[in-house]
Amino acid sequence: HAFGEIGRDFAFCPFHNFWLRAKRQGIAADYWDFSLNYQAARHNKFAKLTNLPGTDVAAINYAHHFDAGLYAKYLRQYCESRGVSRVEGIINHSSICPDTGYIQSIQLESGQVIEGDLFIDCSGFRGLLIEQALETGYESWSHWLPCDRAMALPTQSPERIRPYTRSIAHKAGWQWNIPLQHRTGNGHVYCSDYVSDDEARQTLLDNLEGEPLGEPRNIPFKTGRRKLQWNKNCIALGLASGFLEPLESTSIHLIQVGIRRLIENFPHDGIKQVEVDEFNRQSKLEFEQIRDFIILHYKVNQRTDSQFWTDCRNMSIPDSLQTKIDLFKKSDQMVGFKVVCWERVFECHLDNENNPTFKVRKLEEDDKPSILRKGFGNVGKHWSREDMDQLKKLFESEDGNLPTIAEKMERAENGVRLKLLSMGSDLKARDKKGRFPLHHAVAGEDPLLVYALMEKEAKGDVKDQNQKTPL
C-alpha cells in the first residue's frame with residue numbers, strides 16, 4: 001500500500017466512505033486512482049509535494065530508506081560531538097541494589113565499573129539489563145505472528161531504482177526488497193515450522209534482482225514485547241524492548257517514539273511510579289496497535305497455495321483486532337495505528353457489509369454547494385461520475401508532471417556539489433588523471449555545476465594529463 005492520503009476527505013467523514021458508496025452505485029473507479037503516492041510509485045516518480053498545485057488536496061507523503069549502519073555512525077558522531085562519553089566494552093555483570101531492586105552499576109570484561117541512576121538497555125534481543133538482570137519477562141505473540149526467522153542479503157543496485165519498498169509473499173512467509181542508492185536490501189521472513197532454513201535460503205536466492213554481495217545471514221527472532229518497557233531504573237529501547245517483523249518497517253519508528261516518550265516522562269526529580277506506569281501504558285498500546293495491523297495482513301490473506309497461508313487465515317486473532325474488523329464491516333469506521341494504512345488493507349481484502357454510514361446518508365440529503373472546497377463538486381447527490389473522474393484526472397495530471405527517481409537523484413547530486421562549492425571547496429583539486437572539477441562538470445553534462453564553477457572563477461584553459469581542457 002502507498003503512504004499519503006486517498007482522495008479527498010470531508011470533515012468527520014473520510015473519502016473511503018464516499019468511495020464505497022460510489023462503488024455500490026457503479027460510479028467509482030479503482031481505489032488507487034485517487035492516490036498520487038500510488039500513481040507516482042507506479043511510474044517510478046517522486047517529488048516533495050504537499051498539496052496538488054492550486055488546491056488544498058494532499059499530494060505526496062513519504063518515508064526514507066536508510067542504510068541503518070551509516071545512520072548509526074552518523075548518530076554516534078552527532079552525540080559524541082555534543083559531549084556524550086562513549087565507553088566500548090562487553091558487559092559481564094550487573095550489580096542490583098538488594099533494597100530497591102534497581103541496577104546500581106554494570107561491570108565490563110575489562111574490569112571497569114560504570115555506575116548510574118538510569119540505564120537504557122539497547123542490547124538487542126538478549127536484553128542484558130531489562131531481562132537478564134531484572135527478569136522483566138517477555139510476552140510472546142508467535143501464535144498470531146508465526147514467522148520466526150529471516151534470511152538477509154544485500155545485492156548490487158539495479159539500473160532502475162524503485163522509489164518504494166516491495167513486500168513479496170512466498171510459500172511460508174514473505175520477502176522484502178528495499179532499494180538504496182548504493183545497494184539493495186533483501187530478506188526472506190519465514191516460519192521454520194513450514195519450511196527449512198535451506199529451502200528458505202534458496203527461495204531468497206532465486207528471487208534476487210541483482211548480484212549478491214555476500215552470503216545470506218540467518219536471523220532467528222521471537223515476536224513479542226517485554227512485559228514492562230520501563231522496569232525499576234531501566235528503560236528498554238529497540239530490540240531489547242520487543243520485536244515486530246519488518247512488514248511495516250516500524251522498528252525505527254518504535255525507537256523514536258520510545259525516546260520521545262522518555263523525554264516527556266524523564267525522571268528529573270527521581271523516578272516516580274506514576275510516570276513509569278504511564279510510560280508503560282503508552283508503550284503497550286503502541287506495540288499492540290502495530291501488532292494488530294501486521295496480524296491483519298496474515299488474517300485477511302486470500303492465498304490458497306500453501307498450508308501456512310491457510311492456517312494464518314483460519315487462526316484466532318486478538319479481540320482488539322476483531323473489533324477493528326467488525327467496525328469496518330458494519331459501520332465503515334477505522335481506528336488504530338496509521339488509520340490511512342488500515343484503509344488500504346481493508347479496502348483491498350475485506351467486503352463491507354454495511355450500507356453507507358449515517359454521515360454519508362446525511363450528506364447525501366444535504367444540498368449545500370460548498371460541501372467540498374475549491375471546486376471539486378458536492379458530496380452525496382452531486383458526488384457523480386463526473387466528480388470522481390475530475391478528481392482522478394487531477395491526480396493523473398499531476399503524476400505526469402513529477403520527475404523520475406533518476407532525475408531526482410541527479411538533482412540531489414547537483415545540490416551536493418553546489419553546496420560543496422558554497423562551502424569553499426578547492427577548485428584546483430585534481431584527480432589521478434590530472435582533471436579538475438570543471439573537467440568533471442563538463443563531462444557529466446551538468447550545466448548548473450559548470451555555471452557555478454565558472455562563477456567561482458574556475459579556469460577553462462586548465463589541462464589534464466592528456467593536455468585536454470574542460471571546454
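Computed from a predicted structure; not experimentally measured.
Listed here is the closest heavy atom pair of Ile294 and Leu244: CD1-CB, 4.1 Å. Taking each heavy atom of Asp121 and Leu129 in turn, the nearest pair found is OD2-N, 2.8 Å.
Here Leu239 contributes atom CG and Leu254 contributes atom CG; the two are 10.0 Å apart, rounded to the nearest 0.5 Å. Taking CD1 of Ile90 as the start and CG of Leu108 as the end, the distance is 9.0 Å to the nearest 0.5 Å. Atom CZ of Arg226 sits about 4.5 Å away from atom CD of Glu131, to the nearest 0.5 Å. Atom CD1 in Ile295 sits 9.5 Å away from atom CD in Glu245 (nearest 0.5 Å). Distance check, rounded to the nearest 0.5 Å: OH of Tyr38 to NE2 of His43 gives 9.0 Å. Ser283 OG to Leu262 CG: the interatomic distance, rounded to the nearest 0.5 Å, is 9.5 Å.
Panel note: side chain Asn265, backbone Phe279; no donor-acceptor pair is recorded below 3.5 Å. A donor-acceptor contact shorter than 3.5 Å links the side chain of Gln175 to the backbone of Asn207. Of the possible donor and acceptor atoms, none in the side chain of His93 sits under 3.5 Å from a partner among the backbone N and O of Gln107. At least one donor-acceptor pair closer than 3.5 Å links the side chain of Tyr138 to the backbone N or O of Gly224. Proximity of a side-chain donor or acceptor of His65 to a complementary backbone N or O of Ile178 within less than 3.5 Å is not detected. Side-chain atoms of Asn301 come within 3.5 Å of backbone N or O of Arg303 as a donor-acceptor pair. In this structure, Asp148 contributes its side chain and Ser192 its backbone to a donor-acceptor pair below 3.5 Å.
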Would you give me the side-chain donor-acceptor pairs under 3.5 Å for residues 212-223, sequence neighbours excluded?
residue	atom	partner	partner atom	Å
Glu215	OE1	Arg201	NH2	2.5
Asn218	ND2	Asp197	OD2	3.4

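In this structure the side chain of Val87 reaches within 4.5 angstrom of the side chain of Gln112, judged on heavy atoms. Residues Arg225 and Trp141 are in side-chain contact: their nearest non-hydrogen atoms beyond the backbone lie under 4.5 Å apart. Side chains of Lys324 and Asp292 form a contact here, defined as non-hydrogen atoms less than 4.5 Å apart. Within the 4.5 Å cutoff, the side chain of Leu237 has heavy atoms near those of the Gln229 side chain. By the 4.5 Å heavy-atom criterion applied to side chains, Cys147 and Tyr298 are counted as neighbours. Side-chain contact check for Leu247 versus Val189: every heavy-atom pair is 4.5 Å or farther apart.
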Exercise. Going through the distances and angles, do Ser249 and Trp176 end up as a side chain to side chain contact (heavy atoms under 4.5 Å, CB included)?
Worked result: CA-CA 10 Å; Ser249 299; Trp176 76 74; over 6 Å; no

Exercise. Can you list the steps and then say if Glu199 with Tyr190 is a side chain to side chain contact (heavy atoms under 4.5 Å, CB included)?
Worked result: CA-CA 10 Å; Glu199 187 177 354; Tyr190 62 98; over 6 Å; no

For this session: Applying side chain to side chain contact (heavy atoms under 4.5 Å, CB included), run through Ser241 and Phe287 and close with a yes or a no.
Result: CA-CA 10 Å; Ser241 66; Phe287 259 95; 3.7 Å; yes

For this session: Would you please test Asp67 and His182 for side chain to side chain contact (heavy atoms under 4.5 Å, CB included) and show each step?
Result: CA-CA 9 Å; Asp67 181 311; His182 61 295; 2.9 Å; yes

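A cation-pi contact, defined as under 6.0 Å to the ring centre and within 45° of the axis, is absent between Arg166 and Tyr164.
Within a 6.0 Å sphere centred on CG of Asp117, heavy atoms belonging to other residues, nucleotides or ligands number 12 at most. Other residues, nucleotides and ligands place no more than 12 heavy atoms under 6.0 Å from the CD atom of Glu115.
Residues meeting the side chain to side chain contact (heavy atoms under 4.5 Å, CB included) test with Pro146, sequence neighbours left out: Cys191, Phe308, Cys312. Judged as a ring-ring contact (aromatic ring centres under 6.0 Å, His included), and not counting sequence neighbours, the contacts of His268 are Phe266.
Note: Phe293 and His297 have perpendicular aromatic rings, judged against thresholds of 30 and 60 degrees for the angle between ring planes.
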